[in-house]
Amino acid sequence: MGCAPQPTARGDWIAGPAGGYTDAVPELPEVETVARLLRPDVVGRTITGARVGWRPTVGGSTGFAKSVVGRRIAVLWRRAKYLVFELEHKAVPDGCLVAHLRMTGRMHVEPADLDAGPWCRVALALDDGRELRFVDPRKFGRVLRARVPADVFGDLGPEPLEDGFDPDGFFAALAERRRHLKPLLLDQTFVAGLGNIYVDESLFQARLHPLTPSDRVPRAKAVTLHGAIRSTLRAAIEREGSSFDTFYRTPGGQPGSYQDQFLVYGRQGKPCPRCGGAIRRMVVGQRGTHLCPRCQPKPRSRA
DNA sequence: AGCTACTCCTGGTAGC
DNA sequence: TGCTACCAGGAGTAGC
């Protein structure tokens with residue numbers, strides 16, 4: 001990217017376009033987009049100052065600022081929905097910052113003299129006069145100082161776009177669990193990085209009902225679902241993720257465009273792109289779930 | 001093991 | 001117009 005955000009765009013995402021309120025929770029494609037767009041602006045930069053606007057964001061730490069100032073951001077990478085900033089102190093590796101955007105978090109680099117707005121929870125001054133800012137209205141996101149990323153990650157399943165996530169292994173993993181597909185795919189220890197949107201989209205593409213027991217998915221269906229997960233994520237990354245009314249934006253302030261490709265997510269009442277029947281919304285495991293009842297028939301209950 | 005409920009939060013919306 | 005109640009939602013945790 002390299003382009004400075006437009007100051008005039010500052011208020012745009014507070015008052016979004018008319019329409020219903022929908023969260024655009026950053027999932028793997030959105031976080032990957034943030035990592036890609038942020039990388040040229042932060043890698044190689046040294047942190048010259050730090051400001052914490054909401055202490056829980058940094059895990060309650062009182063020594064956060066001191067622990068990051070003087071460090072150089074050596075590498076930025078993504079794992080699941082986490083961003084990892086590897087730090088160096090005087091050319092020696094010195095732990096990392098691990099960020100999770102959760103529901104409404106955004107990260108971008110802006111000129112330090114541009115108003116950070118009311119929701120800036122963490123600001124890191126960089127040695128080029130700009131600031132890396134973590135803006136998060138709902139305060140669920142985190143920017144944690146860690147020795148190693150694993151201290152923050154917990155158990156994470158395979159990265160769905162990497163080789164470790166293969167159709168045979170996926171089928172075997174489904175078969176050895178006995179859980180409904182929807183909550184299982186949302187479980188970060190099963191597959192890392194999927195969220196509500198891309199699970200609904202993938203299940204639709206594979207014509208699987210969200211309540212299908214995982215051990216009752218035939219091999220061929222599992223292979224289809226595996227492919228659907230990958231192609232959905234790849235397509236979304238290509239379009240820089242999904243944006244709704246207000247929240248998710250790329251670090252440059254631009255919305256992603258994958259929301260235009262949604263087949264079922266948020267389309268309740270609208271025609272199914274495959275059969276023309278009405279898309280329905282139901283709640284599965286406390287999550288809004290979108291499906292086409294005709295294309296994704298509910299499995300018969302276990303005998 | 002796997003489920004449900006609850007917590008963290010706030011902006012937006014529906015209902016009155 | 002102005003108020004209140006409710007909702008979404010990732011992830012962690014508690015309880016069954």
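The figures here come from the full heavy-atom set of this structure, side chains too, leaving out hydrogens, waters and symmetry mates. Just so it is clear: chains get the letters A, B, ... in the order the sequence lines come, proteins before strands, and each one is counted from 1.
For A/Asp127 and A/Thr48, the side-chain atoms include no donor-acceptor pair closer than 3.5 Å.
Atom CE in A/Met282 sits about 14 Å away from atom P in C/dG9, given to the nearest Å. Atom CH2 in A/Trp119 sits roughly 11 Å away from atom P in B/dT10 (whole-Å rounding). For A/His100 and C/dG10, the NE2 to C1' distance is 6 Å, given to the nearest whole Å. Taking atom CG of residue A/Asp136 and atom P of nucleotide B/dT10, one finds them 10 Å apart after rounding to whole Å. Regarding A/Leu184, its CG atom lies at a distance of 14 Å from the P atom of B/dA1, rounded to whole Å.
Within 3.5 Å, no donor on the side chain of A/Arg102 pairs with an acceptor on the base of C/dG9, nor the reverse.
Interatomic distance, CD1 of A/Ile229 versus CZ of A/Arg234, reported as 12.0 Å (0.5 Å rounding).
A cation-pi arrangement, defined by a distance under 6.0 Å to the six-membered ring centre and an angle within 45 degrees of its axis, is present between A/Arg274 and A/Phe204.
Judged by centroid separation below 5.5 Å and plane tilt below 30°, A/Phe140 stacks onto the base of C/dG10.
Here A/Gly154 lies out of heavy-atom contact (under 4.0 Å) with every strand. Heavy atoms of A/Arg177 sit under 4.0 angstrom from primed sugar atoms or phosphate atoms, though from no base atom.
For A/Tyr82, whose side chain is taken as the heavy atoms from C-beta onward, the closest listed nucleotide among C/dG9, C/dG12, C/dA11 is C/dG12.
Using a cutoff of 4.0 Å between basic side-chain nitrogens and carboxylate oxygens, A/Arg130 and A/Glu110 are not scored as salt-bridged. Between A/Lys182 and A/Asp200 there is a salt bridge, since at least one side-chain N of the basic residue sits less than 4.0 Å from a carboxylate O of the acidic one. At a threshold of 4.0 Å, the pair A/Glu30-A/Lys81 does not count as salt-bridged, since none of the basic side-chain nitrogens sits closer than that to a carboxylate oxygen.
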Find every protein N or O atom lying less than 3.5 Å from an N or O atom of nucleotides 3-5 of chain B, and list the pairs.
from: B/dC3; atom 1: OP2; to: A/Arg179; atom 2: NE; distance (Å): 2.8
from: B/dA5; atom 1: N7; to: A/Gln286; atom 2: NE2; distance (Å): 3.3

